[in-house]
Each structure stands twice: as C-alpha cells, then as structure tokens.
*Asks:* 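To start, I am sharing the structure in question, which I have written as structure tokens.
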Amino acid sequence: MEIQPIAYIYTAFKEKFGTPRQSSLATDLEGRIEFTPTYRQKDYIRGIEDFDYLWLIWGFSQVAAEQTKATVRPPRLGGNQRLGVFATRSPFRPNRLGLSSVRLDRIEWTQDKGPVLYVKGVDMVSETPVYDIKPYSVEADSHSQAASGFVDQANFERLDVNFPPAELAKIPEDKRPGAYQALALDPRPAYQQHKEKRYGMRYYEQNIIFTVADGKLQVIEVQELPER
C-alpha cells in the first residue's frame, strides 16, 4: 500500500535536535498544518472545530529506512537500557509512522491554501508529512487507569532554565513560552551528559546556545541564523 501526505505541518524545529519527544509535554509549542491541494476543500474538515484535540498520523521524514532497529534505547531510561521498538515510541520503526495528540487552537481560512489548522503540543520537525487526521474522543481514547510500562517506572524531571533577559529579548514575545518549554524538556540525547559541553538548539530562525549542569540549563547566547 502506498500512502501520500494529505498535509504538512510547520513548526519551530528544522532538525531533530531540540524537537520534543512527546506531544503531551510540549503544550506551548505551536504548529501550522497546511493541506495539500487535493484536500483544501472545506468539506474535508467539516465539524472538526467541535473537537479540542486531534490525532495526527505522520511520518518520521528525517529517518532513513535502513535505520530501522529491532531494539532501541528509550531516552526516559537514560539511554542505557534496550527495549523492543514496538514497546517504545522510537522513530526507528519499520514504516516510520508517528502518532501525536495535539490541541486544535484555531482554524484560519485562506484564499490560496484553504483551511489552515493551528495546533499546540507539537513534537514534529517542520515540514513533516501528515498522512491522516482523526478527532480525539475522550470516551474512546482516554484510559486513565492504564499501565504505561517503563514510563511509570522512570522519573521525569524538567530542567531549571536560566534565560538572561538580554538574550530572551532576542526572541519574539509570543515564541518565548515555547522556547522555555523546549529547553526545560532537555534537548540533549540521553547519553550526552557533559557539563562543559555547549549545545545549540535551532528554534525558528535562531540558534539557542546553552549548557547543562546539575539539573540547570544555562542559556549562553541567542544567535540569528543566516537566511538559507
């Protein structure tokens, strides 16, 4: 079976580094869903405005087919323990399909691109292909008492972010909550815990340079990236 994108989502992230690992942890990060020409008719989304959340089925477009693995090292376990890929949400999957629940924030109707969906809680790189959209149903999709395997057993703590006011001012005001959230989620790979190492997280058209030590993330500089 061959599937084609029905839309593409545009986010703050142009590369995997820094992109949140789970949509439920990134509630302030916004994405813009633009439909491909075939699906820009209003009929395709009739009634969607009545739902608060949507399921997105999308593709890990920056993962090559040869990167598929039988076992992976979940970041939640510190990158030190291997589990079967089907017991995780790793991107290194046979069909490279992702699934995210996002909040529908608003719909804008445009003349050239038809309906554009603005969603929050994104965990996708910009220009990720979206293959399907389904409404989230509390009755059908919520299982509050369900066991969550290793997720229940592993502690998850956000980093304490120190963002100097002069550097924070370089980021547009409406984009600052998302920047804080992405940094607090710890963009680093689970196996990299070097206290002296400087990291760079691309956020929209800026590069946020930071270090991490003892649970605290220190922003060093916000650099403007050259136009491509």
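Along the sequence shown, the residues carry numbers beginning at 1.
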*Asks:* Measuring only between side-chain heavy atoms, which start at C-beta, is Lys16 closer than 4.5 Å to Phe60?
*Replies:*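 Of all side-chain heavy-atom pairs linking Phe60 with Lys16, none is under 4.5 Å.
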
*Asks:* With a sphere of 6.0 Å drawn around CD of Glu224, does it hold more than 12 non-hydrogen atoms of other residues, nucleotides or ligands?
*Replies:*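 Buried by this count: over 12 neighbours within 6.0 Å.
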
*Asks:* Go through Phe51 and Ser137 one step at a time and tell me if the side chain to side chain contact (heavy atoms under 4.5 Å, CB included) criterion holds.
*Replies:* CA-CA 8 Å; Phe51 292 89; Ser137 166; 5.7 Å; no

*Asks:* When rounded to the nearest 0.5 angstrom, what is the spacing between CG in Leu54 and CG in Asp132?
*Replies:*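 Taking CG in Leu54 and CG in Asp132, the distance rounds to 11.0 Å.
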
*Asks:* Is the side chain of Thr19 donor-acceptor paired with the backbone N or O of Val125 at a distance under 3.5 Å, no angle test?
*Replies:*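 Not a single qualifying donor-acceptor pair exists.
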
*Asks:* Between Thr71 (side chain only) and Gly84 (backbone N and O only), is there a donor and an acceptor less than 3.5 Å apart?
*Replies:*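 Here the side-chain-to-backbone pair does not exist.
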
*Asks:* Is any side-chain heavy atom of Tyr10 closer than 4.5 Å to one of Glu127?
*Replies:* yes

*Asks:* Who passes ring pair (Phe, Tyr, Trp, His ring centres under 6.0 Å) against Phe92, sequence neighbours left out?
*Replies:*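 Residues passing ring pair (Phe, Tyr, Trp, His ring centres under 6.0 Å) with Phe92: none at all.
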
*Asks:* Are Tyr39 and Trp109 co-members of a hydrophobic cluster defined by side-chain heavy atoms under 4.5 Å apart?
*Replies:* yes

*Asks:* Closest approach of Thr88 and Val72, non-hydrogen atoms and distance?
*Replies:* OG1-CG2, 3.4 Å

*Asks:* Does any non-hydrogen side-chain atom of Gln218 lie less than 4.5 Å from one of Pro164?
*Replies:*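 Result yes, sub-4.5 Å side-chain heavy-atom pair found.
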
*Asks:* Less than 4.0 angstrom from a charged side-chain N to a carboxylate O is my criterion; do Arg46 and Glu49 meet it?
*Replies:* no

*Asks:* Please name the pair of heavy atoms, one in Pro20 and one in Leu185, separated by the smallest distance, quoted to 0.1 Å.
*Replies:*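 Where Pro20 meets Leu185 most closely, the heavy atoms are CB-CD1, 4.0 Å.
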
*Asks:* Check for me whether Lys175 meets the cation-pi criterion with Tyr203, that is, NZ or CZ under 6.0 Å from the six-membered ring centre and within 45 degrees of the ring axis.
*Replies:*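 No, Lys175 and Tyr203 do not form such a contact.
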
*Asks:* Under 30°, 30 to 60°, or over 60°: which ring-plane class applies to Phe17 and Tyr199, parallel, tilted or perpendicular?
*Replies:*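 Taking Tyr199 first and then Phe17, their aromatic rings lie parallel (interplane angle under 30°).
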
*Asks:* So with a 6.0 Å cut-off around NZ of Lys170, is the heavy-atom count from everything else above 12?
*Replies:* yes

*Asks:* Side-chain heavy atoms nearer than 4.5 Å, only ILVMFWY residues, links allowed to pass through others: does that put Phe13 and Tyr204 together?
*Replies:* yes

*Asks:* Spell out, yes or no, whether Ile57 and Val102 are grouped together once hydrophobic residues are joined by side-chain heavy atoms under 4.5 Å, including indirect joins.
*Replies:*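 As far as the 4.5 Å side-chain criterion goes, Val102 and Ile57 are not connected within one cluster.
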
*Asks:* Is the shortest heavy-atom distance from the side chain of Pro129 to the side chain of Trp58 under 4.5 Å?
*Replies:* no

*Asks:* Does one hydrophobic cluster hold both Val63 and Tyr8, with members joined at side-chain heavy-atom distances below 4.5 Å?
*Replies:* no

*Asks:* Taking all heavy atoms of Trp55 and all of Pro135, pick out the closest pair and write down the distance.
*Replies:* CD1-O, 3.8 Å

*Asks:* Examine distances only and state if a side-chain atom of Thr36 and a backbone atom of Ile6 form a donor-acceptor pair shorter than 3.5 Å.
*Replies:*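 Checked: pair present.
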
*Asks:* Can you tell me how far apart CG (Asp141) and CD (Glu139) are? Round to the nearest 0.5 Å.
*Replies:*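 Rounded to the nearest 0.5 Å, the CG-CD separation comes out at 10.0 Å.
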
*Asks:* Is NZ or CZ of Arg106 both nearer than 6.0 Å to the six-membered ring centre of Tyr118 and within 45° of the ring axis?
*Replies:* yes

*Asks:* Counting only heavy atoms not in Tyr53 (residues, nucleotides, ligands), do more than 12 fall under 6.0 Å from its OH?
*Replies:*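 No - once you tally the heavy atoms of other residues, nucleotides and ligands closer than 6.0 Å, there are 12 at most.
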
*Asks:* Decide whether Ile209 and Val222 are clustered together by the hydrophobic rule: side chain heavy atoms of Ile, Leu, Val, Met, Phe, Trp, Tyr closer than 4.5 Å, transitively.
*Replies:*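 Shared cluster, no.
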
*Asks:* If you look at every heavy atom in Gly200 and Asn207, which pair is closest and at what distance?
*Replies:* C-OD1, 3.4 Å

*Asks:* To check you understand the geometry: which heavy-atom pair defines the closest contact between Ile220 and Glu167, and what is its length?
*Replies:*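 Nearest pair, atom of Ile220 first, then Glu167: O-CG, 4.0 Å.
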
*Asks:* Between Lys69 and Val85, does the side chain to side chain contact (heavy atoms under 4.5 Å, CB included) criterion hold? Intermediate values first, please.
*Replies:* CA-CA 7 Å; Lys69 300 176 181 179; Val85 68; 5.8 Å; no

*Asks:* Go through the steps to decide whether Asp28 and Tyr180 satisfy the test side chain to side chain contact (heavy atoms under 4.5 Å, CB included), and finish with yes or no.
*Replies:* CA-CA 9 Å; Asp28 288 326; Tyr180 263 106; over 6 Å; no

*Asks:* Just one of Leu104, Val116, Leu56, Val122 clears the side chain to side chain contact (heavy atoms under 4.5 Å, CB included) bar with Ile33, so which one?
*Replies:* Leu56

*Asks:* For the pair Lys216 and Asn162, evaluate side chain to side chain contact (heavy atoms under 4.5 Å, CB included) and give the outcome as yes or no after the intermediate values.
*Replies:* CA-CA 7 Å; Lys216 298 183 183 298; Asn162 183 22; over 6 Å; no

*Asks:* Does atom CZ (Arg82) have a neighbourhood of more than 12 heavy atoms from anything else shown, all under 6.0 Å?
*Replies:*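 Yes, the 6.0 Å shell around CZ holds more than 12 heavy atoms from other groups.
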
*Asks:* For Lys113 and Glu34, what are the C-alpha separation, side-chain angles and deciding distance, and is it a salt bridge (Lys or Arg N to Asp or Glu O under 4.0 Å)?
*Replies:* CA-CA 7 Å; Lys113 296 178 180 178; Glu34 296 182 2; 3.3 Å; yes

*Asks:* Hey, does the side chain of Arg40 reach the backbone of Phe35 with a donor-acceptor pair shorter than 3.5 angstrom?
*Replies:* yes

*Asks:* Working to the nearest 0.5 angstrom, can you tell me the gap between Gln67 CD and Gln62 CD?
*Replies:*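 The CD atom of Gln67 sits 10.0 Å away from the CD atom of Gln62.
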
*Asks:* Out of curiosity, Ser126 OG to Ile9 CD1, how far, rounded to the nearest 0.5 Å?
*Replies:* 8.5 Å

*Asks:* On a heavy-atom basis, which atom in Gln181 and which in Leu29 lie closest, and how many Å separate them?
*Replies:* OE1-N, 3.8 Å

*Asks:* Once rounded to the nearest 0.5 Å, what's the spacing between atom CD of Gln223 and atom CD of Gln206?
*Replies:* 10.0 Å

*Asks:* Applying the side chain to side chain contact (heavy atoms under 4.5 Å, CB included) criterion to Ile208, which one of Leu183, Leu168, Leu217 satisfies it?
*Replies:*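 With Ile208 as partner, Leu183, Leu168, Leu217 yield a single side chain to side chain contact (heavy atoms under 4.5 Å, CB included), made by Leu183.
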
*Asks:* When rounded to the nearest 0.5 angstrom, what distance separates CZ in Arg89 from OG in Ser100?
*Replies:* 8.0 Å

